[in-house]
Each structure stands twice: as structure tokens, then as C-alpha cells.
Amino acid sequence: MAAVAFIKDLAESASLASLPPSYAFNDQDPTAVVEDVVVDSLASDDAHDVIPVIDYSLLMSGDPDQRSNTVQDLHKACQEWGFFMVVNHGVPEALTESMIGKCREFFDLTVEEKQEFQGKHVLDPIRCGTSFNLLVEEVHFWRDFLKIMVHPEFHCPHKPPGLSVVVSDYCNQVRALVRELLRAISSALGLEEDRIEEAYNLDMGLEMFVANYYPACPQPELAMGMPPHSDHGLLTVLTDNQVAGLQILRRGKWVQVHSLPNSFILNVGDHLEIFSNGKYKSILHRAMVSKRMARMSVGIGFSPSLDTVAAPAEELAHPAAAYKPMKFQDYLESQQKNKLQGKSCLDAVRI
């Protein structure tokens with residue numbers, strides 16, 4: 001397999017004055033540019049376009065009324081937005097900052113050190129690289145990544161020192177948060193709280209830790225960090241270094257996501273859309289890049305077990321199931337081996 005040329009190293013080279021043609025999207029809207037932490041008028045900053053905020057402490061307070069109200073807030077967020085922000089989640093801010101810092105140290109490794117973890121297959125437990133799928137793309141994305149399978153078995157690069165300990169601690173705490181949220185979401189759908197856990201075998205569920213590095217770009221009006229896409233799995237939990245770049249598609253326009261300090265951004269994945277038989281929908285989102293600032297984000301995708309045949313819950317499949325059953329591993333491999341194009345994988349299982 002050919003060696004990876006990382007975007008970070010390209011972006012930091014003294015000779016880079018303009019965007020290489022292989023990274024230029026000529027049909028990109030020239031107004032879709034992130035400048036530092038301020039996004040231009042293409043992405044809405046209207047107060048009505050602020051994603052819902054869920055206070056996790058109210059869900060776990062022990063007060064039945066507070067829990068019931070928060071479950072309804074979750075239902076509304078999943079149904080109307082597909083994205084929401086979680087605050088007061090209990091994961092220490094210092095741990096999140098340490099995790100982001102260690103991931104930055106990974107991207108700061110030499111090219112030769114990073115190539116130790118290049119990986120060859122979408123199911124390799126540790127895989128770093130650039131763009132999304134260089135083999136099938138005509139134009140590449142301005143992004144380096146590190147993907148690690150952290151559940152049901154935990155994997156992590158042995159470099160830099162301390163990365164494994166911090167990532168493990170972070171993943172354990174976020175996992176506990178997500179399992180509680182999925183129990184609440186199951187209840188919001190009118191089902192038993194453990195219905196999603198049991199149907200999709202979450203004790204053996206695949207959890208993918210993905211660190212993304214989007215370097216400063218000489219011509220951000222031509223480049224893209226990640227194209228419009230939805231995520232596989234049930235929920236994705238995202239945090240970042242407080243540099244703007246994440247945009248979601250809502251009512252035909254791109255909405256800039258401004259995360260609160262020490263919050264998590266969560267989004268509905270394709271398999272929660274499938275499980276809910278379309279009551280909740282995964283939402284297209286994209287990553288834009290900046291001319292002056294590098295952005296880092298870290299997401300954990302929470303998914304069914306690889307051998308789970310994902311299908312709508314029987315209780316929700318009325319008047320009929322809207323999605324064909326498909327083994328999760330087959331869905332994942334199909335998505336990861338092809339171009340990242342909107343919701344094309346989900347569209348393939350619609351009935």
C-alpha cells in the first residue's frame with residue numbers, strides 16, 4: 001500500500017502557496033468559508049437555528065418529573081433536529097482537554113511514525129490517514145484522521161506516550177453517558193428503556209473513536225474538510241477545540257454549530273433512523289476549513305454489534321417497515337469503501 005501524504009505536513013510546508021488541484025472543489029460555493037471562529041452569511045447564525053440543549057443532570061437527577069420532561073426534550077430534539085448539545089454531562093473538562101491534546105500530539109508525530117498506523121482495511125482496529133477514501137475520490141478532503149476501535153475491544157496507538165490511558169478513560173465515561181441517553185431515547189420512542197440495547201446488542205456494540213485534524217488552508221473557498229454526509233450507527237458524540245467548522249443542513253440551509261464550552265454535540269445516526277423506522281432521521285452535516293486556524297474534532301460513533309442485522313423495531317414498523325434489514329458489518333464496509341455521498345448508504349436500504 002502506498003505511503004500516506006498527510007495534509008498537516010503539506011499545509012505546514014513553506015512552499016505551499018495555493019491549494020493543490022487534487023483538493024480543489026471547483027463547484028464549491030465561494031461563500032462557504034470559515035474565517036477564524038466567525039462563519040459568513042451562507043451558514044445561518046439566526047437565534048432560531050440554535051441546536052437544542054439537553055441538560056443531562058436533569059435526566060439523572062432522580063426526580064421523575066425532571067426525567068420525564070428531559071426525555072420529551074430529547075424526543076423533540078431527535079425528531080425535529082437530529083442534532084443536540086449535551087451540557088452538565090459529568091465528563092471532566094480537564095479529561096476532554098487532555099484527550100484532545102494527546103490527539104494533537106499524535107498528529108504532530110513524524111510522517112514515518114504515523115505511517116506505522118496506516119492500516120489497510122476499514123475494519124483494522126487502528127487506522128490513520130487523510131481525506132476519506134483516497135482510492136475512489138477524484139477530489140480529496142482537507143483532513144487527516146485517526147480511527148480507533150475502542151469497543152468491544154479497546155485498541156490504541158502506543159504513540160504518543162499517555163494517549164492510550166487518556167483515550168480509554170475518556171471513552172469509558174462517554175460510553176456511560178451514551179448508554180443512559182439511549183435508554184432515554186428508547187423510552188421517548190414509547191419502548192422499554194433497554195429495547196435499543198437488546199435489539200442492537202450494545203454490550204458487543206462497535207464504538208469507533210475518530211480524531212480529525214483540519215489544518216489551516218490557503219484557499220478555504222475551494223476546499224472542504226468533510227463533504228455533506230450522515231453517520232452510520234446510533235449516536236455520534238463530538239467535541240472540538242472550539243474552532244468553528246461544523247455545519248448541519250436544516251430546512252435547506254446550512255446552519256453553523258457553535259458548541260458551548262465543556263459540552264458535547266450529538267447527532268442521530270443512520271441506524272437510529274432505521275431502528276425508529278424513520279421517526280428520527282440522521283442529518284447531513286459537513287466540515288468546513290479556515291484560512292488561519294486549524295480545527296480539531298474528536299467523535300465517538302456508537303453502533304450495533306458487527307453481526308447485528310439492523311432493522312426497524314417491530315413495535316414501530318407500522319403500517320410497514322421503511323427499511324430493509326442489513327447486517328451492520330455489511331453496511332459499514334459499504335459506506336467506508338465507497339465515496340462519501342450524502343445518505344447514499346441509507347438510501348440503499350430504504351423500502
Side-chain angles (χ1 to χ4, degrees), residues 1 117-129 131-137 145-157 167 171 174-175 178-179 182 185-186 194-212 226-227 229-238 266-278 280-282 284 299-314 316-317 321-351:
M1 186 174 185
F117 310 106
Q118 184 173 337
K120 297 180 180 180
H121 188 272
V122 296
L123 292 179
D124 283 346
I126 300 173
R127 188 162 58 99
C128 75
S131 192
F132 181 75
N133 188 339
L134 295 173
L135 297 178
V136 299
E137 297 163 353
F145 66 81
L146 170 65
K147 297 184 179 183
I148 312 169
M149 289 188 183
V150 294
H151 192 270
E153 294 183 5
F154 179 79
H155 302 270
C156 193
V167 169
C171 289
V174 174
R175 181 178 305 117
V178 168
R179 292 295 285 266
L182 286 173
I185 288 171
S186 188
D194 59 0
R195 185 70 174 85
I196 296 176
E197 295 178 22
E198 293 183 351
Y200 282 3
N201 191 17
L202 295 192
D203 286 342
M204 293 297 293
L206 179 68
E207 295 172 17
M208 187 75 76
F209 175 100
V210 183
N212 302 293
M226 284 289 280
H229 67 283
S230 62
D231 293 345
H232 63 258
L234 293 161
L235 288 175
T236 299
V237 180
L238 188 76
L266 282 82
N267 62 278
V268 170
D270 293 346
H271 289 82
L272 186 51
E273 176 170 336
I274 291 170
F275 179 85
S276 69
N277 204 37
Y280 301 158
K281 288 184 166 55
S282 59
L284 291 178
I300 307 178
F302 291 82
S303 300
S305 66
L306 288 172
D307 60 358
T308 291
V309 177
E314 291 182 9
L316 304 176
Y323 305 87
K324 295 177 286 189
M326 187 176 189
K327 188 177 176 181
F328 176 65
Q329 180 172 338
D330 295 339
Y331 189 100
L332 177 63
E333 290 182 340
S334 174
Q335 183 196 53
Q336 298 291 308
K337 288 180 178 179
N338 293 291
K339 295 179 184 177
L340 197 58
Q341 293 180 319
K343 298 179 71 170
S344 57
C345 284
L346 187 63
D347 291 340
V349 298
R350 295 184 196 276
I351 298 176

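If you're wondering where the values come from, they're calculated on a predicted model, not measured in any experiment.
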Peer 1: Quick check for you: to the nearest 0.5 Å, what is the distance between L206 atom CG and S303 atom OG?
Peer 2: 5.5 Å
Peer 1: Return the CZ to CD1 distance between R350 and I274, rounded to the nearest 0.5 Å.
Peer 2: 9.0 Å
Peer 1: Is E333 salt-bridged to K327, going by a charged N under 4.0 Å from an acidic O?
Peer 2: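 Looking at E333 and K327, the cut-off is not met.
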Peer 1: To the nearest 0.5 Å, tell me how far L266 CG sits from I185 CD1.
Peer 2: 8.0 Å
Peer 1: Looking only at the aromatic ring of each residue, does the gap between the centers of H232 and Y331 stay below 6.0 angstrom?
Peer 2: no
Peer 1: Decide yes or no for T236 and V268: does some side-chain heavy atom of the first lie under 4.5 Å from some side-chain heavy atom of the second?
Peer 2: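 Of all side-chain heavy-atom pairs linking V268 with T236, none is under 4.5 Å.
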Peer 1: Minimum heavy-atom separation for L272 to I196, with atom names?
Peer 2: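 Looking at all heavy atoms of both residues, the shortest contact is CD1-CD1, 4.2 Å.
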Peer 1: Quick one: are M149 and F154 in side-chain contact, heavy atoms under 4.5 Å?
Peer 2: no
Peer 1: Who passes salt bridge (charged side-chain N to carboxylate O under 4.0 Å, His left out) against D124, sequence neighbours left out?
Peer 2: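 Checked D124 against salt bridge (charged side-chain N to carboxylate O under 4.0 Å, His left out); zero matches.
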Peer 1: To the nearest 0.5 angstrom, please state how far the OG1 atom of T308 sits from the OH atom of Y200.
Peer 2: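 Those atoms lie 8.5 Å apart.
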Peer 1: For K343, is there an ion pair with D231 - N to carboxylate O distance below 4.0 angstrom?
Peer 2: no
Peer 1: Any donor-acceptor pair under 3.5 Å linking the side chain of D270 with the backbone of L346?
Peer 2: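 Pair absent, no side-chain N/O of D270 close to backbone of L346.
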Peer 1: Please identify each residue that fulfils side chain to side chain contact (heavy atoms under 4.5 Å, CB included) with A211, with sequence neighbours left out.
Peer 2: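 In terms of side chain to side chain contact (heavy atoms under 4.5 Å, CB included), with neighbours along the sequence ignored, A211 is linked to C103, F107, L146, F209, V298.
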Peer 1: Test of understanding: with side chain to side chain contact (heavy atoms under 4.5 Å, CB included), list the residues that count as partners of A199, not counting sequence neighbours.
Peer 2: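 Listed in chain order: R195, F275.
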